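On a predicted model such as this, the values are computed, not experimentally measured, just so you know.
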Amino acid sequence: MTFEEWQSLFSESYKAFNETSPAFKELISEVVSFAEARATSLYLVGGSVRDFLTGHEVKDVDIAVEGDAFVFAEDFAAYFGADFKLYEKFRTASVMNRAVSIDFASARAEVYPEPGALPQVAFSDIKTDLKRRDFTVNAIAARLSSSGAELFDPNDGLSDIRAKKIRILHKDSFKDDPTRLFRALRFAERLGYTLSEKTKILFNEAVENNFCSTLSNSRICAELEKIFQEDSLPTLLPKVCKSALLRVLSFSFEAFPPSSFALEEAQQICLKSSKEQSEELLLYFSWGILLGNLPDSEISQLLEMLPLKRTVRKKLEAYFAVRKDLETALEELSEDHRAKLYGLLHKHSEETLLLLVLNSKRPIVRKNTLFFLKYLGTMTPKIKPDELIQIGIPEGVHIRLALEFIAYKKADNPKMSKDEEIILAKNYLESLK
Ligand code: CTP
């Protein structure tokens, strides 16, 4: 493909994106006019340019400003009356128009004071900014003007898109920023690309020299959690483990990688749950499946040491605290032992039981737990708490216990009538005397 052909492909996708989002179209055209009036150069950069060129969905739009992005965004927001957020620490900014947001950063050069640390930055021109980026396919820019967006590709990223290659831009890239090792695998899997020969050699050297040891646990977790969100998670996460990148946390990840099948099932469950729930559920399942194959002693160590979201950690602790005992008990039961199954499982949360199903390699454990989740656990007594009070059962904990007792019995006799439930409630009351 010639440069002109790439340019026309890019212009078409960029135009189509503008047409599907009137709020973006309005915002970007105001931003561009404002920049032209101040003789400031603006460039679309990073993932959005790559995604426009490869036909992937564009989620975030990042703009590099030649000059101080912080001041530019603040002045623009005041002029346009847009909402904005300024991030003092990195002197970056977001400007919002209705549901759309555009991120601004200054074109910059980066110096890494030491491997794995966050870089020190200084303003630069766009060419220098592109040179400091991770991969050639992420280092293509498009200069914005009122007549459109013109590609600028000083690192030959277009050739790598054509050749489907992930290529780093300089030999110290992985050393300076070892998160790029995770990113290399993530983008390769997402785009269906492979690492270029030289990048592969440097990748392997980085692994052998354990460059990831310069990363903090929170940066490693952040990279893993980005991986959890990829559609390609079921194939990607086992590859990350086998590539030895997680040696820095434990050598066992290589020996016991997670099951692709379990990760795929986890994604399916999350797809069916509500948007608010699915984000945390995916984190919980992914960590649970990733850690689930490791030796027990390592699991507890990792749970303590990794900076996980508090609610996710709690759910994981609840699951790992009971999974061995539950598996052993479930192996001895069948669907005929309904009351026993109910008695064993009803105290555990749905999340604990789902992870038990996802992680268990024993068909009987999966079968029994699914039988409970789909059937036994959904059977609620017909009798209501106020009716139990009328019978004489004391308010408070006994109401819950009586309902559990009835549900337990109902597990063996699903067609139980309300009258039979009342008899059971009276039996329960007797047992209290
Ligand atoms: N970048 C980099 N090195 C990193 C992280 C980011 O050079 N360690 C650069 C890349 O040019 C990247 C851009 O910053 O394209 C934006 O980073 P990010 O939002 O993490 O990645 P995207 O490419 O936008 O990918 P995604 O689609 O996953 O959001």
Taking the side chain as C-beta and beyond, is there a heavy-atom pair between [X] and [Y] under 4.5 Å?
X	Y	result
Lys164	Leu191	no
Val365	Val357	no
Asp62	Val49	no
Leu237	Leu224	yes
Val95	Val31	no
Tyr375	Arg338	yes
Tyr14	Val58	no
Leu181	Cys212	yes

Is [X] atom [atom1] crowded by more than 12 heavy atoms from other residues, nucleotides or ligands, each under 6.0 Å away?
X	atom1	result
Glu19	CD	yes
Asp386	CG	yes
Glu331	CD	yes
Lys226	NZ	yes
Lys426	NZ	no

Ion pair check, [X] and [Y], cut-off under 4.0 Å:
X	Y	value
Glu223	Arg219	no
Lys324	Asp296	yes
Lys242	Glu254	no
Arg108	Glu110	yes
Glu404	Lys347	no
Asp68	Arg91	yes
Asp103	Lys85	no
Glu265	Arg366	yes
Asp160	Arg167	yes
Lys175	Glu205	no
Asp177	Arg183	no
Glu421	Lys409	no

So, [X] and [Y]: side-chain donor and acceptor under 3.5 Å apart, yes or no?
X	Y	answer
Arg50	Asn138	yes
Ser349	Thr352	yes
Thr40	Glu66	no
Thr214	Glu114	no
Asp172	Tyr112	no
Thr194	Lys165	yes
Lys361	Asn293	yes
Ser33	Glu30	no

Given Asn359, Val312, Leu354, the one that forms side-chain contact (heavy atoms from CB on, under 4.5 Å) with Phe285 | Leu354
Can you name the closest pair of heavy atoms from [X] and [Y] and give their distance?
X	Y	answer
Ser273	Leu281	OG-CD2, 3.8 Å
Ser260	Pro234	OG-O, 2.8 Å
Leu215	Gly116	CD2-O, 4.2 Å
Ser106	Gly67	OG-O, 2.9 Å
Asn155	Ala139	ND2-O, 3.8 Å

Could you walk me through whether Leu263 and Phe261 pass the side chain to side chain contact (heavy atoms under 4.5 Å, CB included) check?
-> CA-CA 5 Å; Leu263 292 165; Phe261 179 70; over 6 Å; no
Taking the six-membered ring for Trp and the full ring for Phe, Tyr or His, determine whether the centres of Phe24 and Phe17 are under 6.0 Å apart.
->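 Centroid separation for Phe24 and Phe17: below 6.0 Å.
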Phe104 ring center within less than 6.0 Å of Phe72 ring center =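 Aromatic pair counts; centres sit under 6.0 Å.
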Out of Phe70, Phe34, Phe84, which one pairs with Phe76 under the ring pair (Phe, Tyr, Trp, His ring centres under 6.0 Å) rule?
-> Phe34
With under 30° as parallel and over 60° as perpendicular, where do the rings of Phe372 and Tyr342 fit, or are they tilted in between?
-> tilted
Residue pair Phe182, Ile227: steps toward the side chain to side chain contact (heavy atoms under 4.5 Å, CB included) verdict = CA-CA 8 Å; Phe182 293 86; Ile227 285 169; 4.1 Å; yes
Are Arg180 and Phe174 in a cation-pi setup, meaning NZ or CZ lies under 6.0 angstrom from the ring centre and within 45 degrees of the ring axis?
-> no
